[in-house]
Amino acid sequence: MNEDLKRELGIAGVAFTETTKQMISSGAYRTPEFWLNVETELYCQFQDILVKYEDKHTFGEMVFYSLIMGRAAHETIEELHRFDKENEE
């Protein structure tokens with residue numbers, strides 16, 4: 001995977017996680033669609049970054065990176081759910 005792509009995805013993931021944790025901590029997120037919106041926004045941010053690098057990789061590589069990106073997004077959402085649960089207590 002291109003080092004610039006890795007770095008950009010990493011930075012976006014950390015920034016997104018920290019911003020969302022701040023929202024959770026403030027309690028301002030308590031809407032029914034919050035988690036759906038968070039997950040959608042994260043996938044969109046990652047996809048936007050991935051598309052910027054599509055001309056530097058083969059189709060097969062892009063599919064593989066999409067799978068990795070999906071796993072990273074899933075793990076990020078799980079981390080945010082754990083943080084939310086801990087924040088409630």
Side-chain angles (χ1 to χ4, degrees):
M1 181 182 283
N2 179 302
E3 289 302 315
D4 291 334
L5 173 58
K6 278 190 215 177
R7 184 176 40 257
E8 204 168 333
L9 287 171
I11 290 169
V14 169
F16 182 86
T17 300
E18 291 307 310
T19 300
T20 306
K21 282 182 176 181
Q22 289 174 1
M23 290 171 59
I24 291 169
S25 293
S26 73
Y29 75 98
R30 299 283 182 201
T31 62
E33 63 278 341
F34 174 76
W35 289 108
L36 177 60
N37 290 341
V38 165
E39 192 167 345
T40 302
E41 179 63 28
L42 181 58
Y43 281 118
C44 287
Q45 285 186 22
F46 281 171
Q47 189 64 34
D48 287 347
I49 293 167
L50 190 61
V51 167
K52 288 181 0 184
Y53 291 89
E54 69 182 340
D55 61 333
K56 295 180 172 122
H57 300 285
T58 66
F59 178 76
E61 289 172 329
M62 293 302 286
V63 170
F64 178 72
Y65 299 153
S66 292
L67 293 171
I68 292 172
M69 182 189 68
R71 181 66 184 169
H74 176 76
E75 289 173 0
T76 300
I77 296 300
E78 284 183 341
E79 177 185 339
L80 291 170
H81 278 291
R82 283 190 300 275
F83 179 81
D84 182 31
K85 190 171 212 151
E86 293 169 1
N87 199 48
E88 286 178 351
E89 299 170 354

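The shown structure was predicted, so the numbers you read here are calculated from the model rather than taken from an experiment.
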Please enumerate all residues that pass ring pair (Phe, Tyr, Trp, His ring centres under 6.0 Å) together with His74, with sequence neighbours excluded. none
For Arg82, check salt bridge (charged side-chain N to carboxylate O under 4.0 Å, His left out) against everything at least two apart and list the hits. none
Smallest separation among heavy atoms of Ile24 and Asn87, with atom names: O-ND2, 3.2 Å
Residue pairs passing the side chain to side chain donor-acceptor pair (under 3.5 Å) test with at least one member in residues 15-28, sequence neighbours excluded, are Lys21-Glu79
Would a hydrophobic clustering, with Ile, Leu, Val, Met, Phe, Trp and Tyr connected at side-chain separations under 4.5 Å, put Leu42 with Ile68? yes
Only counting residues at least two apart or in another chain, list the ones meeting ring pair (Phe, Tyr, Trp, His ring centres under 6.0 Å) with Phe34. Tyr29
Could you tell me which non-hydrogen atom of Trp35 sits nearest to which non-hydrogen atom of Asp84, and how far apart they are? CZ2-OD2, 3.6 Å
Apart from Leu36 itself, what residues make up its hydrophobic cluster when side-chain heavy atoms of I, L, V, M, F, W and Y under 4.5 Å apart count as a link, directly or indirectly? none
Residues in salt bridge (charged side-chain N to carboxylate O under 4.0 Å, His left out) contact with Lys52, at least two apart in sequence or another chain: Glu8
Could you walk me through whether Tyr43 and Glu39 pass the side-chain contact (heavy atoms from CB on, under 4.5 Å) check? CA-CA 6 Å; Tyr43 281 118; Glu39 192 167 345; 3.3 Å; yes
Pair listing, salt bridge (Lys or Arg N to Asp or Glu O under 4.0 Å) test, anchored in residues 59-71, at least two apart: Arg71-Glu75
OH of Tyr53 to CG of Asp55, rounded to nearest 0.5 Å, is 10.0 Å
Under a 4.0 Å N-O cut-off, is there an ion pair linking Glu88 with Lys85? no
On a heavy-atom basis, the closest approach of Phe16 and Val38 is CZ-O, 3.3 Å
Kindly work out whether a path of hydrophobic side-chain contacts (I/L/V/M/F/W/Y, heavy atoms less than 4.5 Å apart) joins Leu9 to Phe64. yes
Please report the interatomic distance NZ(Lys56) to CG(Asp4), rounded to the nearest 0.5 Å. 7.0 Å
Atom NZ in Lys6, atom OH in Tyr65: separation rounded to 0.5 Å? 8.5 Å
Grouping ILVMFWY residues whenever side-chain heavy atoms fall under 4.5 Å, the cluster of Val63 otherwise contains Phe59
All side chain to side chain donor-acceptor pair (under 3.5 Å) counterparts of Glu41, not counting sequence neighbours: Gln45
All heavy atoms of His57 vs all of Met62, minimum pair found to be CB-SD, 3.8 Å
